[in-house]
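Accompanying notes for the structure given below.
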Amino acid sequence: MAQPRCFALELPGGGLAHFAVGAAGSGGADPDPDPDPRAAALLGPPGRSYALLVPGAPGADLAARVRAARLLRRLLPALRRGPLGRCERLRLLGYRPGGGGGLQRGLLLRDPGAGPATRRALLALLDSCLEAPRPSLGEFGGEFGGAGLRLWQRPWELRGGREWRQAEPERVVAAPEPALHPAVPDLPRAAVFPHREAARAVLEACTPFLPAAGAVLELVDRCPRQLPRGPFPVIVVEGLDATGKTTVTRALADALGAALLRSPPAGLSPWRQAFDEEPDMVRRAFYSLGNYIAASEIAAASARAPVVVDRFWHSTAAYAIATEVSGAVQHLPPARHPIYQWPKDLLRPDLVVLLTVSPEERRERIRGRGLERTAEEEELEASSTFRQKVEACYERMEDPGCHAVDASPSREQVLQAVLGLVRDRCPQLP
Ligand SMILES: Nc1ncnc2c1ncn2[C@@H]1O[C@H](COP(=O)(O)OP(=O)(O)O)[C@@H](O)[C@H]1O
Ligand SMILES: Nc1ccn([C@H]2C[C@H](O)[C@@H](COP(=O)(O)OP(=O)(O)O)O2)c(=O)n1
């Protein structure tokens with residue numbers, strides 16, 4: 001019997017349910033218990049559910065991994081149109097127990113009806129994917145029997161390169177929740193790059209189709225790898241959107257006579273939007289290299305004066321982990337996990353201040369600011385789960401960790417609180 005493939009299904013409330021799909025049961029005493037009832041309720045009738053997954057390329061084949069990431073991103077608009085647009089979409093990950101075999105990223109599409117229109121639209125979508133890797137499509141169904149509802153999945157296969165047929169049904173059975181979320185082992189290659197070369201390699205793989213990648217690589221290659229930083233302290237200010245980072249960094253820089261920098265640095269502004277439209281793997285590589293370019297500017301500036309920085313590596317890591325790890329806060333890598341460690345080849349700040357405000361206060365400030373919001377800011381607003389995951393990741397960062405400061409009081413009071421922290425932690429300040 002082939003090793004069952006396991007799946008992690010993100011539930012509407014932000015939870016996660018695992019199930020497995022293996023060969024059809026051999027009958028007799030049921031060796032395979034039914035799956036998590038929360039997953040069964042989403043997979044089984046009365047409607048029809050489909051698993052649409054893009055296979056991840058195992059190993060170091062970066063070009064294939066980038067192609068897979070871009071393919072899934074390209075499918076999303078089509079999944080919002082016609083009969084597919086009527087389906088509920090839930091994040092789905094396919095994985096092998098114990099890792100290996102490449103993570104499959106995709107969606108569970110729940111069609112409230114059971115008509116043929118959704119199936120036809122999905123097969124047409126697969127036909128439109130002419131280049132490898134082609135997504136896989138599995139259709140779920142169930143039969144009531146003596147033991148209650150038994151769920152199965154039937155993969156769709158292209159026979160002879162032109163006719164779609166369904167393969168034999170495979171039982172949907174229970175799967176234990178792995179100790180670590182299935183996306184965590186892949187994070188250093190997919191989103192939280194442990195060093196400059198890992199991020200650089202992703203943009204290198206994008207140069208054939210993304211001119212902006214070449215431009216960014218030119219900039220980062222001009223930055224020396226060894227950065228002789230100056231004697232003045234480097235203070236980073238972090239926090240969710242609208243916590244007051246811009247306000248605090250400006251006031252703090254004035255108060256300290258410090259240079260005010262930000263990551264990504266201003267020099268990357270022409271290309272930021274282009275990367276924000278790329279899949280997460282490419283986007284995070286861009287922000288990661290932005291940190292290395294910013295580090296070059298920070299090192300030079302710290303020879304002349306203190307340096308205040310608006311966002312740095314903690315933003316890159318916290319948003320990347322919170323995005324890649326589906327489910328809720330409890331599914332994040334635990335505190336002390338290596339993924340929260342500062343990269344060894346990146347200039348290390350002397351102090352990282354994390355501004356925190358209540359969700360209500362943040363909403364008020366966003367309204368007061370009246371600026372256009374990015375899709376991600378909209379998500380931060382809409383999804384308390386995502387916001388909680390970003391905040392939890394910030395709090396788990398180590399070496400350096402983040403020092404939380406309540407940014408709800410008045411601008412002057414917040415500035416004084418941050419200045420007090422700076423005086424305590426940066427004795428080298430003149
Ligand atoms: N302490 C504060 N009290 C009230 N409003 C604030 C405070 N700090 C910042 N704001 C306002 O909140 C909004 C977001 O602040 P901003 O500095 O732009 O946050 P961020 O840079 O973190 O997105 C702005 O309109 C700003 O004027
Ligand atoms: N050093 C950085 C800075 C931002 N990012 C990412 C993290 C989020 O996805 C967005 C947040 O950028 P945004 O411009 O919205 O942030 P602010 O407006 O400064 O609050 O950028 C990053 O990954 N690394």
Side-chain angles (χ1 to χ4, degrees), residues 187 190-193 199 202 216 220 236-253 260-269 271-295 297-298 308-324 342-343 346-347 349 352-381 383 386-387 389-391 393-394 397 402 405-418:
L187 284 174
V192 187
F193 302 99
V202 173
V216 173
V220 75
V236 175
V237 178
E238 288 282 4
L240 290 179
D241 173 41
T243 44
K245 295 183 301 302
T246 306
T247 305
V248 166
T249 50
R250 285 177 182 162
L252 186 63
L260 175 54
L261 297 174
R262 62 173 302 132
S263 178
L268 287 185
S269 301
W271 301 290
R272 184 170 182 179
Q273 184 175 345
F275 280 97
D276 278 343
E277 289 160 8
E278 286 296 315
D280 287 319
M281 178 182 184
V282 176
R283 183 165 183 244
R284 299 303 168 193
F286 165 76
Y287 282 110
S288 181
L289 291 179
N291 291 329
Y292 286 97
I293 296 170
E297 297 176 359
I298 294 165
V308 174
V309 190
D310 182 343
R311 288 191 186 278
F312 201 20
W313 184 80
H314 285 141
S315 275
T316 310
Y319 279 81
I321 297 166
T323 303
E324 287 296 305
W342 191 272
L346 183 63
L347 182 143
V352 181
V353 177
L354 174 64
L355 300 181
T356 61
V357 293
S358 68
E360 298 70 34
E361 174 65 19
R362 216 171 63 81
R363 263 197 297 278
E364 197 45 47
R365 292 186 182 181
I366 289 173
R367 263 197 293 278
R369 188 171 60 178
L371 289 181
E372 188 71 23
R373 276 190 277 172
T374 64
E376 191 173 64
E377 285 162 352
E378 295 287 355
E379 168 153 15
L380 270 175
E381 204 41 49
S383 161
F386 181 58
R387 195 169 58 241
K389 288 197 284 185
V390 174
E391 288 174 333
C393 287
Y394 269 131
M397 295 296 167
C402 294
V405 169
D406 177 7
S408 311
S410 72
R411 292 172 179 73
E412 184 52 30
Q413 286 169 309
V414 174
L415 174 61
Q416 290 311 317
V418 173

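Every number for a ligand or one of its atoms is a count from 1 in the order of the listing. What's counted below: heavy atoms across the whole structure, side chains too, no hydrogens, waters or symmetry copies.
- In terms of the side chain to side chain contact (heavy atoms under 4.5 Å, CB included) criterion, residue partners of A318 (sequence neighbours excluded) are, by chain and number, V390, C393, Y394, M397.
- Taking both residues in full, the closest heavy atoms of L347 and F312 are given as O-CE2, 3.6 Å, listed atom of the first, atom of the second, then distance.
- Taking atom 10 (C) of ligand 2 as the reference point, the nearest protein heavy-atom neighbour is E376 OE1, 3.3 Å.
- Among all non-hydrogen protein atoms, the one lying nearest atom 3 (C) of ligand 2 is S263 O, 3.2 Å.
- Counting only N and O atoms by type, the side chains of Y319 and R311 include a donor and acceptor under 3.5 Å apart.
- Near P264, meaning under 4.0 Å from any of its heavy atoms, are these atoms of ligand 2: 3 (C).
- Here the shortest heavy-atom pairing between P265 and I293 reads CG-CG2, 3.7 Å.
- When only modelled atom types and interatomic distance are considered, N291 and S263 share a side-chain donor-acceptor pair under 3.5 Å.
- For the 3.5 Å distance criterion, the side chains of D406 and T356 fail to qualify, holding no donor opposite an acceptor.
- E361 and S358 form no side-chain donor-acceptor contact under 3.5 Å, judged by distance and modelled atom types alone.
- An N or O contact shorter than 3.5 Å is missing between W313 and ligand 2 by distance.
- One finds no salt bridge joining E391 and R387 here, because no Lys/Arg side-chain nitrogen approaches an Asp/Glu carboxylate oxygen to under 4.0 Å.
- For ligand 2, the polar-atom distance check finds an N/O of K245 within less than 3.5 Å of one of the ligand's N/O atoms.
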Problem set entry | Intermediate values then yes/no, side chain to side chain contact (heavy atoms under 4.5 Å, CB included), F275 and V216 | CA-CA 10 Å; F275 280 97; V216 173; 3.8 Å; yes

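- Here the closest heavy-atom approach between residue E324 and residue A190 is recorded as OE1-CB, 4.4 Å.
- Using a 4.0 Å heavy-atom cutoff, R272 is listed among the residues neighbouring ligand 2.
- Of all protein heavy atoms, the one lying nearest to atom 15 (O) of ligand 2 is E377 OE2, 3.1 Å.
- Electrostatic pairing of D241 and R369 counts as a salt bridge here, judged by a charged N lying under 4.0 Å from a carboxylate O.
- Between the side chain of K245 and the backbone N or O of G239 there is at least one donor-acceptor pair closer than 3.5 Å.
- Under 4.0 Å from ligand 2, the heavy atoms of N291 that appear belong solely to its side chain.
- Residue-to-ligand polar distances place R311 within reach of ligand 2: an N/O pair is separated by less than 3.5 Å.
- For R283, the closest heavy-atom approach to ligand 2 falls below 4.0 Å.
- Nearest-residue assignment for atom 23 (O) of ligand 2 (options V309, T316, T249; heavy-atom criterion): T316.
- Taking distance alone, with nitrogen or oxygen atoms compared against 3.5 Å, F312 approaches ligand 2 more closely than that limit.
- The contact shell of ligand 1, taken as protein residues with any non-hydrogen atom closer than 4.0 angstrom, comprises L240, D241, A242, T243, G244, K245, T246, T247, R365, R369, A407, P409, S410, R411.
- Under a 4.0 angstrom heavy-atom cut-off, G290 registers as lying outside contact with ligand 2.
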